[in-house]
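The chains referred to below are lettered A, B, ... by the order of the sequence lines, with proteins before strands, and numbering in each begins at 1. Values reported hereafter were calculated over all heavy atoms of this structure, with side chains retained and with hydrogens, waters and symmetry mates removed.
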Amino acid sequence: EAGVAQSPRYKIIEKRQSVAFWCNPISGHATLYWYQQILGQGPKLLIQFQNNGVVDDSQLPKDRFSAERLKGVDSTLKIQPAKLEDSAVYLCASSSGQQHSYEQYFGPGTRLTVT
Amino acid sequence: ILNVEQSPQSLHVQEGDSTNFTCSFPSSNFYALHWYRWETAKSPEALFVMTLNGDEKKKGRISATLNTKEGYSYLYIKGSQPEDSATYLCAFVDTGRRALTFGSGTRLQVQP
């Protein structure tokens, strides 16, 4: 089966600019996650969708970050305006929600550099 | 805030060496413990999902053990190869939130 797809793979922007990342999960996976991984730290959950509804966005900086999952499939994560501290790898993951262990499948990530 | 810690932060070994890493997590409200391998420029890949105290899992030269009562898991690599070079992440799932809380990872470099 095809894995989780993300684009772009790399992005360099200046602070105060806007940026958007796209994710296409594994077909049939109802749950989609966005993580932020800052260098030297573990991935941190930003937002979790179940189909097209938000389950958990408690760690999403809502003043500048937004995410949507239209039609319960693809998802977009946006940052507007970007700050230097947003430089990180943004990982998308999906799960079927049927495994009781909550196993997730990850995309390759988008590496964002804010200058 | 759940505290998941991994040690060491980084490790350099020679090809053929065996090595191990530690993941520490809260001993209460345990649901599952995941191990992932993340090679540079690739997707994190699931290695093991462990749910029972005393679990031991093995995949080729890599194995893991779990102690939920004391809150730790060990990952072992026997006879390290250069292709084992990656960051190894553990993630704790608690009974309440049921989300992954990651440690900061152990970065392994295997020199040929």
Side-chain angles (χ1 to χ4, degrees), chain A residues 1-11 21 23-26 29-50 54-60 88-112, chain B residues 1-10 21-25 29-53 55 57 59 64 66 68 73 75 86-107:
Chain A
E1 68 185 353
V4 176
Q6 289 188 248
S7 68
R9 294 293 309 275
Y10 305 91
K11 190 76 178 177
F21 313 129
C23 174
N24 179 240
I26 291 173
H29 278 193
T31 310
L32 185 147
Y33 312 81
W34 283 102
Y35 290 87
Q36 178 193 57
Q37 192 258 334
I38 293 172
L39 189 65
Q41 300 178 21
K44 180 184 85 172
L45 179 68
L46 292 176
I47 190 167
Q48 176 184 344
F49 291 95
Q50 180 74 19
V54 175
V55 173
D56 182 353
D57 64 357
S58 57
Q59 299 192 87
L60 186 74
V89 175
Y90 291 84
L91 290 165
C92 178
S94 70
S95 70
S96 67
Q98 293 174 4
Q99 309 105 324
H100 65 89
S101 57
Y102 296 90
E103 187 166 353
Q104 298 181 15
Y105 298 83
F106 284 84
T110 296
R111 182 175 294 277
L112 173 68
Chain B
I1 296 177
L2 297 172
N3 199 24
V4 180
E5 294 187 354
Q6 291 188 247
S7 62
Q9 277 191 317
S10 65
F21 328 130
T22 305
C23 173
S24 301
F25 51 85
N29 302 319
F30 176 87
Y31 189 82
L33 193 284
H34 295 216
W35 280 101
Y36 286 86
R37 177 169 67 191
W38 192 4
E39 294 180 65
T40 303
K42 294 188 177 179
S43 306
E45 170 199 359
L47 287 173
F48 305 114
V49 178
M50 309 178 82
T51 56
L52 297 174
N53 184 44
D55 246 358
K57 301 236 175 175
K59 192 181 213 178
L66 178 69
T68 61
S73 175
L75 188 80
T87 295
Y88 291 82
L89 292 163
C90 69
F92 171 75
V93 183
D94 67 291
T95 53
R97 197 163 153 251
R98 303 276 177 106
L100 298 185
T101 301
F102 282 88
S104 55
T106 293
R107 185 169 180 163

Below 4.5 Å from any heavy atom of chain B, which atoms of A:Val4 appear? Answer side chain, backbone, both or neither.
-> neither

A:Arg111 versus chain B, the contacting section by heavy-atom distance below 4.5 Å |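 When you check distances to chain B, no heavy atom of A:Arg111 falls under 4.5 Å.
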
Most contacts with chain B, counted as non-hydrogen pairs under 4.5 angstrom, among A:Gln48, A:Lys44, A:Arg9 |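 Most heavy-atom pairs within the cutoff with chain B belong to A:Arg9.
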
Over 12 foreign heavy atoms within 6.0 Å of CZ, B:Arg37 |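 Enclosed: over 12 neighbouring heavy atoms sit under 6.0 Å from CZ of B:Arg37.
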
Report, as yes or no, whether the 6.0 Å neighbourhood of atom CD on A:Gln41 holds more than 12 heavy atoms from other residues, nucleotides or ligands.
->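 Correct, the count exceeds 12.
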
Non-hydrogen atoms of A:Pro108 and B:Ser43 that approach each other most closely | N-OG, 3.1 Å

What is the minimum heavy-atom distance between B:Gly103 and A:Pro43, and which atoms define it?
-> O-CD, 4.4 Å

Paired with A:Glu103, the side-chain contact (heavy atoms from CB on, under 4.5 Å) test is passed by just one of B:Val49, B:Val93, B:Leu100, namely B:Val49

How many angstroms lie between CZ in B:Phe102 and CG in A:Leu91, if you round to the nearest 0.5 Å?
->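 Rounded to the nearest 0.5 Å, the CZ-CG separation comes to 8.0 Å.
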
Mind checking the CZ-CG spacing from A:Phe106 to B:Leu89? Nearest 0.5 Å is all I need.
-> 8.5 Å

Do any of residues 31-40 of chain A have a heavy atom less than 4.5 Å from a heavy atom of chain B, and if so, which, in residue order?
->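 Residues A:Tyr35, A:Gln37, A:Gly40 are the ones that qualify, each having a heavy atom under 4.5 Å from chain B.
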
Count the heavy-atom pairs under 4.5 Å between each of B:Ser10, B:Ala46, B:Gly105, B:Ala41 and chain A, then report the option with the highest count.
-> B:Ala41

